[in-house]
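The block underneath contains the structure these notes are about, expressed in structure tokens.
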Amino acid sequence: MNNDAFKQKLDYQLLDSLVKQTPIVIAGHAIVALINIALFWNTVSLAFVLAWATFVLITVLSRWAMKNHYQTNWQLRSPGYWRRLFAVSSLMLGLVWCIWSLYVGSAIGFDGLGLSILAITASGLVSGAVASTSSSLLSYVLFTGPTLLPLSVALLMIDQTQLQGIGALMVLFFIITLRQVLQIHSVLKQSITNGLELEEAKEQTERLAQELYEQSTMDALTSVTNRRGFDEALNDEWQRARRSGLPLTLLMIDADCFKAYNDSLGHPAGDECLKQLAATLRSRIKRAGETIARYGGEEFAVLLPNTTASEGVEVAEIIRKGVFERNIPHPASHVSDRVTVSAGVHCVSPDQMESSQTLIELADQALYQAKADGRNCVRKA
Ligand SMILES: Nc1nc2c(ncn2[C@@H]2O[C@H](COP(=O)(O)OP(=O)(O)OP(=O)(O)O)[C@@H](O)[C@H]2O)c(=O)[nH]1
């Protein structure tokens with residue numbers, strides 16, 4: 001994973017942890033709002049309470065809508081977009097409490113007890129925000145700033161030492177929590193980074209294991225499955241056919257007069273010819289689950305799940321014709337002027353289950369029959 005992709009994943013995970021806090025944020029604000037309304041019911045006008053409660057409702061509902069929007073469309077926008085969106089929501093929540101404390105504070109004539117309740121309310125909300133918004137520093141600052149600071153300034157401006165002390169303590173509290181949030185944010189980032197690195201290392205290991213497995217089951221010359229891979233595929237498909245009751249067909253395909261080909265054109269040309277035969281097989285066998293393997297020397301095996309004997313013969317014919325049409329010159333063949341193949345086909349049906357070894361033996365026998373019948377032909381067991 002490159003650096004940008006890594007950073008983007010990290011950003012999305014930070015956003016995830018911010019969004020996960022939405023229910024508790026909404027519940028916390030709603031409860032504290034109700035408590036405050038109850039506490040100051042006789043102090044503030046009904047019109048203000050209604051207007052403020054409407055603002056609270058709009059703010060929490062829009063936060064909920066943002067959460068749903070993020071959860072369904074997160075991939076469509078950059079992390080920066082979502083961060084800004086949630087920051088706006090945090091600012092709105094901050095303004096909810098800024099408006100409340102300043103209005104209520106002035107309505108009660110900045111009375112000591114009332115202001116203390118407002119200060120405790122604001123500090124409590126800020127403490128909650130340490131946990132719920134530490135994954136986004138911007139959201140934290142935009143919420144806690146308006147919630148704490150205007151009230152602190154208002155307290156500092158009152159000519160009463162006790163209230164000024166509370167105001168100063170609130171500013172100190174803001175600074176302490178900010179420091180705390182910075183620490184939590186960095187721990188959170190580090191733990192997400194560790195998780196992502198671990199995930200990447202796991203993916204790399206799995207990729208490597210898969211590559212090694214593919215290499216260990218692939219024939220180096222022709223790039224089709226090797227004998228080991230074929231044995232595994234046969235075992236798997238055999239079990240599958242047994243369970244599903246569907247027919248399993250094996251084609252054994254062998255180059256004709258290949259010794260003569262090598263003898264006349266040389267071993268490297270023989271290798272090249274085997275590559276071309278494998279390419280012909282690959283171009284004809286494309287269904288998922290079908291296996292093309294180099295069974296040994298110049299012999300290939302094709303395993304066709306869910307294929308009847310007559311369908312297998314058709315496929316073998318297509319391959320035989322494909323090789324013929326490839327028109328690879330064979331100056332020493334007594335069959336044709338070009339390279340040809342012979343094929344043996346055998347199909348097992350679930351109601352007459354033989355062993356997988358018998359499947360190979362019978363397909364091989366059919367191949368010998370094709371050779372005996374003059375080569376360049378297909379025979380069924
Ligand atoms: N170039 C090359 N030749 C191979 C390879 N593997 C096996 N052979 C050759 O394939 C030839 C197979 O010969 P035979 O088994 O006698 O079969 P054939 O000459 O094709 O005769 P029929 O199958 O009866 O038509 C041998 O000469 C092997 O050396 C390989 O990887 N590369």
Side-chain angles (χ1 to χ4, degrees), residues 211-235 249-285 290-304 309 312-347 356-381:
E211 273 173 28
L212 283 174
Y213 173 75
E214 276 164 18
Q215 275 171 20
S216 75
T217 55
M218 196 182 80
D219 177 56
L221 178 71
T222 58
S223 301
V224 295
T225 305
N226 64 15
R227 178 65 182 271
R228 181 179 159 205
F230 172 77
D231 288 343
E232 282 179 20
L234 177 60
N235 188 40
T249 291
L250 176 65
L251 318 182
M252 290 304 243
I253 298 161
D254 189 272
D256 297 324
C257 314
F258 202 64
K259 184 175 179 319
Y261 188 91
N262 271 334
D263 292 348
S264 62
L265 298 174
H267 213 266
D271 284 354
E272 195 46 48
C273 178
L274 289 175
K275 281 191 203 170
Q276 292 207 40
L277 291 182
T280 310
L281 287 171
R282 269 201 300 270
S283 67
R284 301 303 195 276
I285 307 292
E290 295 179 338
T291 305
I292 307 166
R294 187 169 172 207
Y295 193 70
E298 76 319 357
E299 188 173 3
F300 292 89
V302 178
L303 196 56
L304 304 170
V313 169
E314 268 175 45
V315 175
E317 264 302 331
I318 289 169
I319 291 168
R320 187 194 64 75
K321 281 189 190 137
V323 172
F324 191 78
E325 281 158 12
R326 216 166 230 261
N327 201 4
I328 308 163
H330 191 333
S333 168
H334 59 83
V335 179
S336 166
D337 59 349
R338 56 185 86 174
V339 171
T340 57
V341 291
S342 301
V345 179
H346 185 57
C347 171
S356 61
Q357 209 43 48
T358 324
L359 174 64
I360 296 172
E361 280 165 21
L362 288 172
D364 247 341
Q365 272 181 28
L367 171 63
Y368 290 138
Q369 192 56 52
K371 293 275 181 187
D373 289 350
R375 296 175 175 78
N376 189 22
C377 61
V378 176
R379 289 294 177 265
K380 183 162 70 95

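As the structure lists them, so they are numbered: ligands from 1, and atoms in each ligand from 1.
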Taking only non-hydrogen atoms of Phe258 and a 4.0 Å limit, the atoms of ligand 1 in range are 2 (C), 3 (N), 4 (C), 9 (C), 10 (O), 18 (P), 19 (O), 20 (O)
Atom 15 (O) of ligand 1 has as its nearest protein heavy atom Glu298 OE2, 3.9 Å
re atom 13 (O) of ligand 1, the protein heavy-atom contact at minimum distance is Lys259 CB, 3.7 Å
Nearest heavy-atom contact between Leu250 and Ile360 is CD2-CA, 3.7 Å
Checking heavy atoms under 4.0 Å, the part of Arg294 that sits near ligand 1 is side chain
Within 4.0 Å of some non-hydrogen atom of Asp256, the atoms of ligand 1 are 20 (O), 25 (O)
Ligand 1 atoms nearer than 4.0 angstrom to some heavy atom of Arg375 are 22 (P), 24 (O), 25 (O)
Residue, atom and distance of the protein heavy atom nearest atom 23 (O) of ligand 1 read Lys371 NZ, 2.8 Å
Of Asp271, Asp219, Thr222, the residue with the heavy atom nearest atom 32 (N) of ligand 1 is Asp271
among protein heavy atoms, the one nearest atom 28 (C) of ligand 1 is Asn262 ND2, 4.2 Å
Counting heavy atoms under 4.0 Å, the part of Ala255 that contacts ligand 1 is backbone
_Any non-hydrogen side-chain atom of Val339 less than 4.5 Å from a side-chain atom of Gln276?_
no
Open item on the list: Between Leu277 and Glu298, is there a side-chain heavy-atom distance shorter than 4.5 Å?
Closed with: no
query = Does Arg282 use its side chain to pair, donor to acceptor, with the backbone of Ile285 at less than 3.5 Å?
reply = no
Taking only non-hydrogen atoms of Gly270 and a 4.0 Å limit, the atoms of ligand 1 in range are 1 (N)
Checklist entry - Between the side chains of Ser342 and Asp256, does any donor sit under 3.5 Å from an acceptor? => result yes
Atom 21 (O) of ligand 1 sits nearest the protein heavy atom Cys257 N, 3.7 Å
Asp254 heavy atoms within 4.0 Å reach ligand 1 at atoms 23 (O)
- Item | Note: Arg227-Asp231 ion pair, threshold 4.0 Å (strictly below) | yes
Does the side chain of Arg375 pick up a donor-acceptor pair with the side chain of Thr340 at under 3.5 Å? no
Correct closest heavy-atom pair for Val224 and Arg294 would be CG2-N, 3.6 Å
Just checking, any donor-acceptor pair under 3.5 angstrom between side chains of Arg320 and Asn376? yes
Residue, atom and distance of the protein heavy atom nearest atom 6 (N) of ligand 1 read Gly297 CA, 3.3 Å
